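Report on the following structure.
Keep in mind the model is a prediction, meaning the values are calculated, not measured.
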Amino acid sequence: MGIDTIILLLVASTVASVVQRVSGFGFGIFVMTMLPYIMPTYPEATALSALLAGTLSVIVVVQMWRYINLKHLLPILTAFFVTSWISIQFLEYIDKKMMQIIFGSVLIVLSIYFFIISERVYVKPLIWIQALLGSISGVMGGLFNMQGPPAVLYFVASEKDKEHYLAITQAYFLVGNLFMTVVRYFKGYLTEYVGWGYLYGIAGVFIGFYIGKEVFKRVSNNLLRKLIYGFMAVSGVYSLVMALTE
């Protein structure tokens with residue numbers, strides 16, 4: 001890797017870690033704006049993104065494990081396992097442009113809707129809701145390593161405060177990224193280049209974690225929700241622009 005690539009990895013990992021530590025998601029969305037252009041192949045880019053995001057989640061889960069409600073976590077993870085595995089198998093054949101257009105459009109609509117009713121919305125941890133959002137999350141994780149938004153819509157509305165929300169989202173991402181990393185390993189996507197990228201990018205993960213931790217302390221529950229929905233809208237617009245300009 002050249003020095004310019006190393007610097008880009010460090011900066012991207014730092015900013016992505018700040019975003020995820022504050023909002024609970026967004027690491028993959030941010031770094032995948034850059035990784036496909038500096039990694040040899042798209043699957044390798046998703047593999048590196050998952051490794052770096054998973055490391056960040058480990059740190060948060062170790063610190064906040066007492067806030068995790070397994071009853072709110074296990075059903076949505078089960079659905080995620082199934083659809084993410086299927087999506088990775090077809091990663092080389094699916095029309096990613098069309099999926100990005102659909103993904104971006106849905107994100108924009110949902111973020112606007114939930115932003116308007118953010119102070120009144122509460123989602124019960126019903127099995128069918130978890131299964132639906134977990135399935136969508138699995139598809140987006142397998143194809144783009146952007147599994148966050150569907151799951152976040154559920155967790156931000158079902159958890160009682162920002163500590164419970166952050167803890168359960170990071171546990172979800174940790175287990176999900178670990179699972180997808182194992183699947184990608186058997187698909188041959190964990191290459192030596194990915195390993196070097198991880199070694200250079202991990203410094204940014206730790207830097208971003210500590211910056212994001214301080215910001216998170218100063219964010220109220222209500223402001224956090226609005227930041228999440230706002231970032232979702234930006235992510236949706238980005239996904240549409242990238243799909244339409246390729």
Is there a side-chain contact (heavy atoms from CB on, under 4.5 Å) between Phe209 and Val18 once you walk through the steps?
-> CA-CA 6 Å; Phe209 167 79; Val18 172; over 6 Å; no

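The structure places OG1 of Thr46 at 9.5 Å from CG of Leu35, a figure rounded to the nearest 0.5 Å. Atom CE in Met180 sits 8.0 Å away from atom OG in Ser49 (nearest 0.5 Å). The CG atom of Leu56 lies 6.5 Å from the CZ atom of Phe27; values are rounded to the nearest 0.5 Å. Between the CG atom in Asn69 and the NE2 atom in His164 there is a gap of 7.5 Å [rounded to 0.5 Å].
The shortest non-hydrogen separation linking Leu174 to Gly54 is CD1-O, 3.7 Å. Contact record, Asn177 with Ala50: OD1-CB, 3.5 Å, taken as the closest heavy-atom pair. Nearest heavy-atom pair across Ile68 and Ala171 is CD1-CB, 3.6 Å. Nearest heavy atoms, Thr83 versus Ser87: O-OG, 2.8 Å.
Residues Ser135 and Val82 fail the side-chain proximity criterion, which asks for heavy atoms closer than 4.5 Å. Side-chain atoms of Val22 and Leu166, non-hydrogen and from C-beta on, never get closer than 4.5 Å to each other. Considering only heavy atoms from C-beta on, Ile202 comes within 4.5 Å of Val205 through its side chain. Using a 4.5 Å heavy-atom threshold, the side chains of Phe173 and Val60 count as separate. By the 4.5 Å heavy-atom criterion applied to side chains, Phe206 and Ile59 are counted as neighbours.
Leu178 pairs by the side chain to side chain contact (heavy atoms under 4.5 Å, CB included) definition with nothing, not counting sequence neighbours. For Arg218, the salt bridge (Lys or Arg N to Asp or Glu O under 4.0 Å) criterion is met by Glu214, not counting sequence neighbours. Not a single ring-ring contact (aromatic ring centres under 6.0 Å, His included) links Phe216 to another residue, sequence neighbours left out. Checked against side chain to side chain contact (heavy atoms under 4.5 Å, CB included), Phe81 has the following partners two or more places apart in sequence or in another chain: Leu77, Val175, Phe179. Applying the side chain to side chain contact (heavy atoms under 4.5 Å, CB included) rule to Leu190 yields the partners Ala47, Leu51, Thr181, Tyr185, Val194; only residues at least two apart in sequence or on another chain are considered. With sequence neighbours excluded, no residue forms a side-chain hydrogen bond (donor to acceptor under 3.5 Å, both in side chains) with Thr169. With sequence neighbours excluded, the residues satisfying side-chain hydrogen bond (donor to acceptor under 3.5 Å, both in side chains) with Thr41 are Glu44. Evaluation of the side-chain hydrogen bond (donor to acceptor under 3.5 Å, both in side chains) rule for Tyr165 yields no partner, not counting sequence neighbours. Under the rule for a side chain to side chain contact (heavy atoms under 4.5 Å, CB included), the partners of Ser137 that lie at least two apart in sequence or sit in another chain are Phe80, Gln147, Pro150, Ala151, Tyr172.
Listed for the Gln130 side chain is a donor-acceptor partner under 3.5 Å among the backbone atoms of His72.
Contacts classified as side chain to side chain donor-acceptor pair (under 3.5 Å) and involving residues 54-65 (residues at least two apart or in different chains) are given here: Thr55-Tyr198, Ser57-Gln170.
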If you look only at distance, which donor and acceptor atoms sit under 3.5 Å apart when one is on a side chain in residues 3-15 and the other is two or more places apart or in another chain?
{"unit_1": "Ser13", "atom_1": "OG", "unit_2": "Leu9", "atom_2": "O", "d": "2.8"}
{"unit_1": "Ser13", "atom_1": "OG", "unit_2": "Gly201", "atom_2": "O", "d": "3.3"}
{"unit_1": "Thr14", "atom_1": "OG1", "unit_2": "Leu10", "atom_2": "O", "d": "2.8"}
{"unit_1": "Thr14", "atom_1": "OG1", "unit_2": "Gly204", "atom_2": "O", "d": "3.4"}

